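Computed from a predicted structure; not experimentally measured.
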Amino acid sequence: HLSASFVGDYALAAPLLTVVVSPPSASLRRGETAQFHASILDPDSNPVTGLTPTWSVSSAVGTISAAGLFRATGSAGLYPGAVVAAVGDLEGAADIEIVPWRAILPLLLQRWDRQVRPDDPYFVLQWNMIRIRAPKAWVESTGGPVTIAVVDSGVDLDHPDLIANLVPGWDFVNGDAVPDDDFGHGTHVAGILGAVGNNHAGVAGVAWHLSIMPIKALDAQGVGSVSSAAAAVYHAVNNGARVINLSLGAVYHPSLQPLEEAVAYAISKGVLVVAASGNLNPAAGISLGTAVYPAAYPGVIGVGSTDTANGISSFSNRGPFVDVTAPGSSIWSTYRGGTYYGMNGTSMATPHVSGLIGLIWGRNPSLSAASVTNIILRTALDLGPLGYDTGYGYGLIDAGAALESLVTGQTSAEGLSSLAAESPSLPPLPTDQGPPPPGSYRPGVLLVKADPAELAKALAALPTGLGALSVGAETGIPGLVAVTVPEGQEAAVQQALTALPGVTDVYFDYLLYAM
């Protein structure tokens, strides 16, 4: 079975065993047969003996014997994950494509019928890449000169499966140019979207060749703040990122405003922002349907998580802020210390979408952000209720179909308005919220929007009973200054500052969490 334990707002999953079905896919005519085999592997990819899988297949596709002999009887079409080998509650799957007899020769001659299988040894554990049909997409693109900023806990800067794709970043937690990962989350996210593929090592990312800009905004516990996250977004945009991956978030509070403005700035510059829809965690205020930000901000691609059976992951949030879904359960990827690990979370689903953007822009860098978004939404595999729904959004991303649309020239941004009309509107933001509860913001700091000269006057005009106040370090956020205040006095100082002329807004340094 899979052992899983929740840590913070996301889960770590250590796959004890993995079921690998070979071949991973088969293209057959009706009436033809294929022999499938199942290998049971330990975490080091060593075979485990003494376990016999149970084979199953949807009756709409065909039949399969206890020995894995499959016979195609269904209608022509692609059936992702149709053949399933199960050992207890572990499953491995293979795709089936049934083609008409009269069309088999032309199909075999078409370049789109080919697939690319990387030689990375852990690729056998990457069921997620098969689900999004990455091997078909890799025929057309494995990435290109696209910079994706990973705003997270940093990245293992020496990881052998990432180092070739890394470009300089920044650490907004420690204030230096070494955004090394002391948590593991950011390294895992980076590997999903951009681990070097086909290099005889480790895993393959969705895009094998791109530039990963590591920006550290979360600390060693996977916790960050508005000031670090917003500054990270501005840094990414101003240093050439075309995509920003935000596998982090928080429930709404007015003090998130600086992050909303940073995201709006990125979108205005043609940067695509992709964010996790959130993991269910009532203790952190995230119940089913609770909007999580920045995923719920306008223009952000919000991503939910699916499991190995293409169902919504048990931990995945649902709501009108979910635009698409991607695999997020038991995802094998890079980890700190040069290692590899399995993790669960909408955090893991999100970089699949960012990596797909890298594939699309890698093949056609002239496409607008709106066109890329349109391609991803329109080519997603519609699961659940017909059309848009708040579980799957527009569906499970399909990298193969997305890249095929580039080949066939279907790259217009037309239709985005009709897509938007299909999805429900986001709920209105809460109003008149008081200070956030203790423990949900960085103590001793307020973020003040004011002209520097006016701020100095405002601080001098405050009552002496509020304690010593001073302007802190640069925030990296235009127009926003950090002011240090005595711990426990944040609410009183906020109220006093807000009432003074020259001060536009005062925010708590609200906390965000890895998802």
Checklist entry - Rounded to the nearest 0.5 Å, what separation is found between the CG atom of Leu280 and the OG1 atom of Thr290? => result 8.0 Å
Checklist entry - Excluding sequence neighbours, so at least two apart, what forms ring-ring contact (aromatic ring centres under 6.0 Å, His included) with Tyr79? => result none
Item to check | With His188 via side chain to side chain donor-acceptor pair (under 3.5 Å) - residues at least two apart | outcome: none
Checklist entry - Using a distance-only test with no angle check, is there a side-chain donor-acceptor pair under 3.5 angstrom linking His185 and Ser347? => result yes
Item to check | Any donor-acceptor N/O pair, Trp332 side chain to Val203 backbone, under 3.5 Å | outcome: no
Checklist entry - Does Asp398 have any salt bridge (charged side-chain N to carboxylate O under 4.0 Å, His left out) partners at least two apart in sequence or in another chain, and if so, which? => result Arg133
Checklist outcome for this item: With sequence neighbours left out, the residues meeting ring-ring contact (aromatic ring centres under 6.0 Å, His included) with Tyr510 are His253
Checklist entry - Partners of Asn198 by side chain to side chain donor-acceptor pair (under 3.5 Å), sequence neighbours excluded? => result none
Checklist entry - Going by atom types only, do Tyr340 and Asp161 share a side-chain donor-acceptor pair under 3.5 Å? => result yes
Checklist outcome for this item: In short, Ser277 meets Ser316 closest at the heavy-atom pair OG-OG, 4.3 Å
Checklist entry - Under the side chain to side chain contact (heavy atoms under 4.5 Å, CB included) criterion, do Ser330 and Thr308 qualify, and how do the steps go? => result CA-CA 8 Å; Ser330 298; Thr308 56; 5.8 Å; no
Item to check | Ala275: partners by side chain to side chain contact (heavy atoms under 4.5 Å, CB included), with sequence neighbours left out | outcome: Leu246, Pro294, Ala295, Val300
Next on the checklist: Ignoring hydrogens and geometry beyond distance, is a side-chain donor-acceptor pair present between Asn279 and Thr346 at under 3.5 Å?
Outcome noted: yes
Checklist entry - By side chain to side chain contact (heavy atoms under 4.5 Å, CB included), which residues pair with Val84, not counting sequence neighbours? => result Ser56, Glu91, Ala93
Checklist outcome for this item: Taken in chain and number order and not counting sequence neighbours, the residues that satisfy ring-ring contact (aromatic ring centres under 6.0 Å, His included) with Trp127 are none
Checklist entry - Partners of Thr142 by side chain to side chain contact (heavy atoms under 4.5 Å, CB included), sequence neighbours excluded? => result Trp138, Trp208, His209
Item to check | Counterpart residues, salt bridge (charged side-chain N to carboxylate O under 4.0 Å, His left out), relative to Glu261 (two or more places apart) | outcome: Lys449
Checklist entry - After noting the C-alpha distance and the side-chain angles of Ile215 and His235, does the key distance pass the side chain to side chain contact (heavy atoms under 4.5 Å, CB included) rule? => result CA-CA 9 Å; Ile215 306 183; His235 180 92; 3.9 Å; yes
Item to check | Counterpart residues, side chain to side chain donor-acceptor pair (under 3.5 Å), relative to Ser354 (two or more places apart) | outcome: Asn245
Checklist entry - Of Tyr122, Tyr335, Phe183, which is the lone residue that meets ring pair (Phe, Tyr, Trp, His ring centres under 6.0 Å) with Tyr341? => result Tyr335
Next on the checklist: I'd like to check the side chain to side chain contact (heavy atoms under 4.5 Å, CB included) partners of Thr73; sequence neighbours left out, ordered by chain and number.
Outcome noted: Arg71
